[in-house]
Amino acid sequence: MNKNEIYIKSGTQYKEMTKELLAQCDLVSQITDKKIQIGIKPNLVSPSEASWGATTHPEIVAGIIEYLQENGYENIAILEGSWVGDKTKESYEVCGYQELSEKYQVPFWDMQEDKGIERDCKGVKLNICERVEKVDFLINVPVLKGHCQTKITCALKNMKGLIPNTEKRRFHAMGLHKPIAHLNAGIHQDFIVVDNICGDLDFEDGGNPVVMNRIWAGMDPVLIDSYVCQVMHYETKDVPYIGLAEELGVGSTDLKNAHIIYCEESARKELPKSRKVVELQDAVEEVESCSACYGYLIPALEMLKNDGLFEKLDTKICIGQGYRGKTGKMGVGACTCKFEHNVNGCPPTENQIYDFLKQYILNK
């Protein structure tokens, strides 16, 4: 397999599909030493089943593990850290990874339990979870989905699960795009298996799954994310961290010279255009907000819209670390605790935000 190639396979037998895809890509030819430590990095952002559209389907990871074990690789681990506000342990259980770990005797490394080790990532010092250093070959297994702050999330952004919670908060204070690019200069992805089964095209936390029943494979995270932009009807420039990562030498955005290989004709399905987030964002004033907090606010606003209440909001909703110590009218999260109207929590859940905003509107 070459770096300019992306293989796309479709079907509904996800474990077998994955094994067939890896065989077609000849993954074993890239891992010549069968004793090295292989790390598998799924997306377990929050405790929700894969059908919700946010987390990596466990059958894809099962397929990767079976393929590796059948080819003589035994030193395998799954490593992940959920977003701030949720516990990885809960996601590990709810998303089917505890069962997976026990069945295949593959350890699960909870990155929320790791301390951060400072690493120079091409000029930017970032704290990366300690056990990442032990991985010799990293297989990234992101979900192709939308994101209410960065428009898309896939191969590059999925590396955020390998940094401590304190660093995740700092990423947002740094502007998110620059640290994501530099993080990928500091952590090398050796192979990528993209879960394009039913990702939510608007919300990182899921809730509006779009069924595609596809799995991708590639070696260049920049090229994969560039192609994700194309199929999600964005320009690569709309997601700044992709171009920044290219400038740092992480990969290439050159889709003209990319070779997209559809393993069967049914894999050529087109993603629908979905932009629920755009209208809802107009009601928000966001400064350095964490993904979890913002990710819960936008679905709460969607719930208000479905109830016919969204249009009755009479003030902007402030959210983010930039509001710490400040006052205002309407705020969400602990960072806006001094605001006149505030729903506390770090982060508050979407139901807590929804209930708070609904009562505010009805009691006006």
Side-chain angles (χ1 to χ4, degrees), residues 1-44 50 55-81 88 92 95-111 114 128-143 155 158-159 161-162 187-197 214-221 223-224 251 259 261 263-264 267:
M1 184 178 191
N2 298 318
K3 282 195 171 182
N4 70 333
E5 293 178 335
I6 299 173
Y7 284 74
I8 303 178
K9 190 169 183 59
S10 68
T12 55
Q13 301 299 315
Y14 307 132
K15 183 172 70 173
E16 293 307 315
M17 277 172 62
T18 303
K19 293 171 70 174
E20 291 169 7
L21 185 60
L22 298 183
Q24 190 164 358
C25 295
D26 195 17
L27 178 58
V28 293
S29 67
Q30 299 177 43
I31 316 173
T32 55
D33 184 354
K34 294 192 175 182
K35 295 181 180 179
I36 65 171
Q37 177 67 65
I38 299 172
I40 300 174
K41 165 64 175 78
N43 185 325
L44 303 181
T55 57
T56 302
H57 202 295
E59 286 190 30
I60 294 180
V61 176
I64 296 171
I65 294 170
E66 283 195 11
Y67 172 86
L68 291 171
Q69 290 181 341
E70 288 170 4
N71 282 281
Y73 302 93
E74 297 181 357
N75 200 10
I76 306 166
I78 304 169
L79 60 161
E80 170 66 320
T88 311
Y92 164 69
C95 300
Y97 282 76
Q98 181 174 4
E99 182 181 345
L100 201 66
S101 179
E102 292 171 354
K103 177 179 178 180
Y104 295 103
Q105 293 299 292
V106 170
F108 184 96
W109 298 350
D110 183 350
M111 295 292 97
D114 260 27
I128 294 171
C129 291
E130 185 177 26
R131 279 182 287 184
V132 175
E133 296 277 357
K134 296 180 180 179
V135 175
D136 301 303
F137 191 94
L138 181 61
I139 301 175
N140 186 18
V141 198
V143 179
N158 199 40
M159 290 296 98
L162 301 181
I187 300 178
H188 176 68
Q189 304 177 40
D190 296 283
F191 196 80
I192 303 116
V193 180
V194 178
D195 179 344
N196 183 209
I197 294 172
R214 298 191 300 193
I215 303 172
W216 303 13
M219 295 173 63
D220 183 342
L223 189 69
I224 283 177
H259 190 195
I261 301 163
C263 299
E264 51 274 310

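Quick caveat: nothing in here was measured; it's all calculated off a predicted structure. Index from 1, following the sequence.
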Please check if the number of heavy atoms outside [X] that lie under 6.0 Å from its [atom1] is greater than 12.
X	atom1	value
Gln30	CD	yes
Gln13	CD	no
Glu99	CD	no
Lys34	NZ	yes

Taking all non-hydrogen atoms of both residues into account, name the closest pair between [X] and [Y] and its distance.
X	Y	result
Ser10	Arg214	CB-CG, 4.1 Å
Met219	Met1	SD-O, 3.6 Å
Asn140	Asn158	OD1-ND2, 2.6 Å
Ile78	Pro42	CG2-CD, 3.7 Å

- Item | Asp195 and Thr56: side chain donor to acceptor below 3.5 Å |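 The criterion, which ignores hydrogens and geometry beyond distance, is not satisfied for Thr56 and Asp195.
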Going from [atom1] on [X] to [atom2] on [Y], what distance comes out if it is rounded to the nearest 0.5 angstrom?
X	Y	atom1	atom2	value
Leu68	Ile76	CG	CD1	4.5 Å
Ser101	Tyr92	OG	OH	4.0 Å
Asp26	Ile31	CG	CD1	10.5 Å
Asn71	Leu27	CG	CG	8.5 Å
Leu21	Lys19	CG	NZ	13.0 Å
Tyr104	Glu66	OH	CD	3.5 Å

Hey, are the side chains of [X] and [Y] touching, using non-hydrogen atoms and a 4.5 Å cut-off?
X	Y	value
Phe191	Cys25	yes
Lys3	Leu223	no
Tyr97	Glu80	no

- Query: Given Tyr73 and Val28, is the side-chain contact (heavy atoms from CB on, under 4.5 Å) satisfied, shown in steps?
  - Reply: CA-CA 9 Å; Tyr73 302 93; Val28 293; 3.8 Å; yes
Check: [Y] main-chain N/O paired with [X] side-chain donor or acceptor under 3.5 Å:
X	Y	result
Gln37	Asn75	yes
Lys41	Leu138	no
Gln189	Ala155	yes
Gln24	Tyr7	no

- Out of Val135, Thr88, Asp110, Asp114, which residue meets the side-chain contact (heavy atoms from CB on, under 4.5 Å) rule with Leu79? Val135
- Query: Out of Asn43, Val61, Leu44, which residue meets the side-chain contact (heavy atoms from CB on, under 4.5 Å) rule with Cys95?
  - Reply: Leu44
- Item | side chain to side chain contact (heavy atoms under 4.5 Å, CB included) involving Lys103 - partner list, sequence neighbours excluded |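 Side chain to side chain contact (heavy atoms under 4.5 Å, CB included) check on Lys103 returns Lys15.
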- Report the residues that fulfil side chain to side chain contact (heavy atoms under 4.5 Å, CB included) with His188, sequence neighbours left out, ordered by chain and then residue number.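 Scan of His188 (side chain to side chain contact (heavy atoms under 4.5 Å, CB included), adjacent residues dropped) gives Asp190.
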- Message: The test is side-chain contact (heavy atoms from CB on, under 4.5 Å); show your working for Val193 and Ile215 and say whether it passes.
- Response: CA-CA 7 Å; Val193 180; Ile215 303 172; 3.6 Å; yes
- Task: For Tyr67, enumerate each residue passing the ring pair (Phe, Tyr, Trp, His ring centres under 6.0 Å) test, keeping only those at least two apart in sequence or located in another chain.
- Result: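 If we apply the ring pair (Phe, Tyr, Trp, His ring centres under 6.0 Å) test to Tyr67, skipping adjacent residues, there are no hits.
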